[in-house]
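Note on naming: letters A, B, ... go to the chains in the order of the sequence lines (proteins, then strands), and numbering restarts at 1 for each one.
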There are 2 protein chains.
Amino acid sequence: MVRFYSDRAETCPTTSLCRVHDLLPMFDQPPRERSDAARNREALLAAAARLVEDHGVDAVTMDSVAAAAGVGKGTVFRRFDSREGLMAALLNRSETEWQGLVISGPPPLGPGASAIERLHAFGHSRMEVNLQHAELIRAAGRAGERSYAAVSFAAMHMRYLLGQLEVRGDLFFLATALLAPLEMVVLVQQTQVDAIPLDRVQAGWDDLVRRVVCSEVNRP
Amino acid sequence: MVRFYSDRAETCPTTSLCRVHDLLPMFDQPPRERSDAARNREALLAAAARLVEDHGVDAVTMDSVAAAAGVGKGTVFRRFDSREGLMAALLNRSETEWQGLVISGPPPLGPGASAIERLHAFGHSRMEVNLQHAELIRAAGRAGERSYAAVSFAAMHMRYLLGQLEVRGDLFFLATALLAPLEMVVLVQQTQVDAIPLDRVQAGWDDLVRRVVCSEVNRP
DNA sequence: AATAGAAGCGGACCATGGTCCGTTTAACCG
DNA sequence: CGGTTAAACGGACCATGGTCCGCTTCTATT
């Protein structure tokens with residue numbers, strides 16, 4: 001599976017890669033994590049994931065995570081900087097998995113379908129993912145809501161698909177504009193506050209896509 | 001100035017209105033705030049606004065606001081429920097003012113311009129407002145980012161303008177979709193992280209609007 | 001004006017995110 | 001293997017959001 005970004009945990013995962021960096025200082029990276037640090041990171045992530053599953057996101061306090069992982073509280077902060085960082089790391093797992101599906105999974109989300117089909121599948125899938133992880137995304141705050149890496153991957157893929165469809169215009173903005181209504185806060189508003197069924201939201205998005213992609217503006 | 005919504009402070013602002021409620025129990029509302037409570041509310045809002053102006057949003061702690069207003073901390077929480085609530089109340093002032101400009105201010109934002117001109121002005125103005133209050137919006141969290149009242153006013157006005165332009169389709173969703181890229185988080189990403197100049201973002205939005213409004217889908 | 005009762009008040013108290021620093025330990029080197 | 005060093009560790013400590021409850025003040029009523 002291709003990885004487009006990684007958190008600190010995943011930088012330089014093997015010794016051999018580090019050797020490469022020794023030889024190619026232009027790719028200098030922070031040296032690999034010490035083994036105890038890596039072990040603690042895994043233990044903390046596992047403990048946090050379990051706490052989320054068993055008692056919900058709100059039950060994930062830094063103290064409880066530390067206790068569950070059998071380490072001190074300071075260690076949690078050293079590894080993840082903040083509670084938001086911990087949540088973002090948790091999110092990152094499924095985000096990476098989803099990126100893999102987009103890049104090399106089965107169509108229509110993955111390659112093999114037409115660009116327009118992929119575009120629709122992309123939007124629907126993103127909505128589902130964002131709603132599914134709503135609590136976590138919220139708890140991740142700035143780090144999760146629009147973590148640069150995640151937004152940047154989605155925007156890149158969106159630009160790619162729009163390019164395939166020969167859409168003319170400021171693809172940078174159009175990608176952002178099509179992505180914006182897929183954000184968790186917007187979806188929660190629509191599906192929970194306004195009580196609009198998800199499939200109607202999806203149909204609305206499909207229509208928006210059609211308007212953007214089939215606009216006369218695209219024809220010279 | 002027309003007010004489309006109000007926080008608790010502004011419900012039943014006069015005695016005479018309360019008498020009306022005595023006669024029309026169908027419009028029952030919580031009774032007017034006690035005079036000391038109202039005084040404290042104003043003092044707290046003023047103190048908070050001043051703290052924001054002088055030392056930034058981060059300096060606004062509940063203790064400091066309480067101290068600056070000369071009341072106990074419990075009072076701050078009774079009036080505004082939470083820090084986010086206090087921030088939302090602060091935001092609400094300028095939001096109300098902005099709503100007034102949209103409804104009865106000078107064109108092209110207010111009435112008097114064509115619907116399409118008003119739509120563009122609306123988007124540009126919203127972007128500016130959202131960027132200007134970015135810190136406050138963030139500090140208001142759920143209460144400010146998409147406070148139902150604010151979103152609902154903007155969406156309503158957007159639907160109205162789209163209706164004037166004889167746009168066909170799910171106006172409910174289209175309004176949301178055009179509003180979504182105006183959200184603070186999206187704008188901050190574009191203008192600060194991606195370093196895109198605001199006028200390019202505005203131009204992109206104008207293009208998006210054109211695609212939506214001028215889509216062939218609208219012609220039967 | 002007296003009174004009753006609801007509403008408001010204040011600040012002690014609690015929970016939790018986040019920092020700091022003296023101690024421990026893994027990793028590398030001679 | 002022993003020494004050196006930078007990194008990691010742990011938990012005491014701090015700041016701040018949020019709760020609670022006994023006391024005070026306002027307002028409506030008589």
Spacing between [X] atom [atom1] and [N] atom [atom2], to the nearest angstrom:
| X | N | atom1 | atom2 | answer |
| --- | --- | --- | --- | --- |
| A/D36 | C/dC28 | CG | P | 12 Å |
| A/E33 | C/dA27 | CD | P | 11 Å |
| B/R78 | C/dG11 | CZ | P | 13 Å |
| B/K73 | C/dA15 | NZ | C1' | 11 Å |
| A/R39 | D/dA8 | CZ | P | 13 Å |
| A/D63 | C/dG17 | CG | P | 7 Å |
| B/F80 | D/dG17 | CZ | P | 15 Å |
| B/D81 | D/dG18 | CG | P | 10 Å |

Can you find a side chain N or O atom of [X] that sits less than 4.0 Å from OP1 or OP2 on [N]?
| X | N | result |
| --- | --- | --- |
| B/T61 | D/dA15 | no |
| B/T75 | C/dG10 | yes |
| B/R79 | C/dG8 | yes |

Which of the following nucleotides, C/dG8, D/dG17, C/dG18, is nearest to the side chain of A/R83?
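Looking only at side-chain atoms, A/R83 lies closest to C/dG18.
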Return the nearest nucleotide to the side chain of A/F77; candidates are D/dG18, D/dC21, C/dT19.
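The answer is C/dT19.
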Run B/R138 and B/E183 through salt bridge (Lys or Arg N to Asp or Glu O under 4.0 Å) and show every step you take.
CA-CA 11 Å; B/R138 181 155 281 144; B/E183 292 284 323; over 6 Å; no
In the structure I gave you, are the side-chain heavy atoms of [X] and [Y] within less than 4.5 Å of one another anywhere?
| X | Y | answer |
| --- | --- | --- |
| B/I137 | B/N130 | yes |
| B/I103 | B/F153 | yes |
| B/I196 | A/F173 | no |

How far does CZ of B/R126 sit from CD of B/Q202, to the nearest 0.5 angstrom?
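Taking CZ in B/R126 and CD in B/Q202, the distance rounds to 14.0 Å.
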DNA chain C: 5'-proximal contact among A/G74 and A/D58 (nearest heavy atom):
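Comparing both residues, the 5'-ward one is A/D58.
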Hey, is the side chain of A/R34 pairing donor to acceptor with the base of D/dA8 inside 3.5 Å?
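Result: no qualifying N/O pair found.
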Identify, between B/V60 and B/S35, the residue whose nearest nucleotide on DNA chain D lies closer to the 5' end.
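It is B/V60, whose closest nucleotide lies nearer the 5' terminus.
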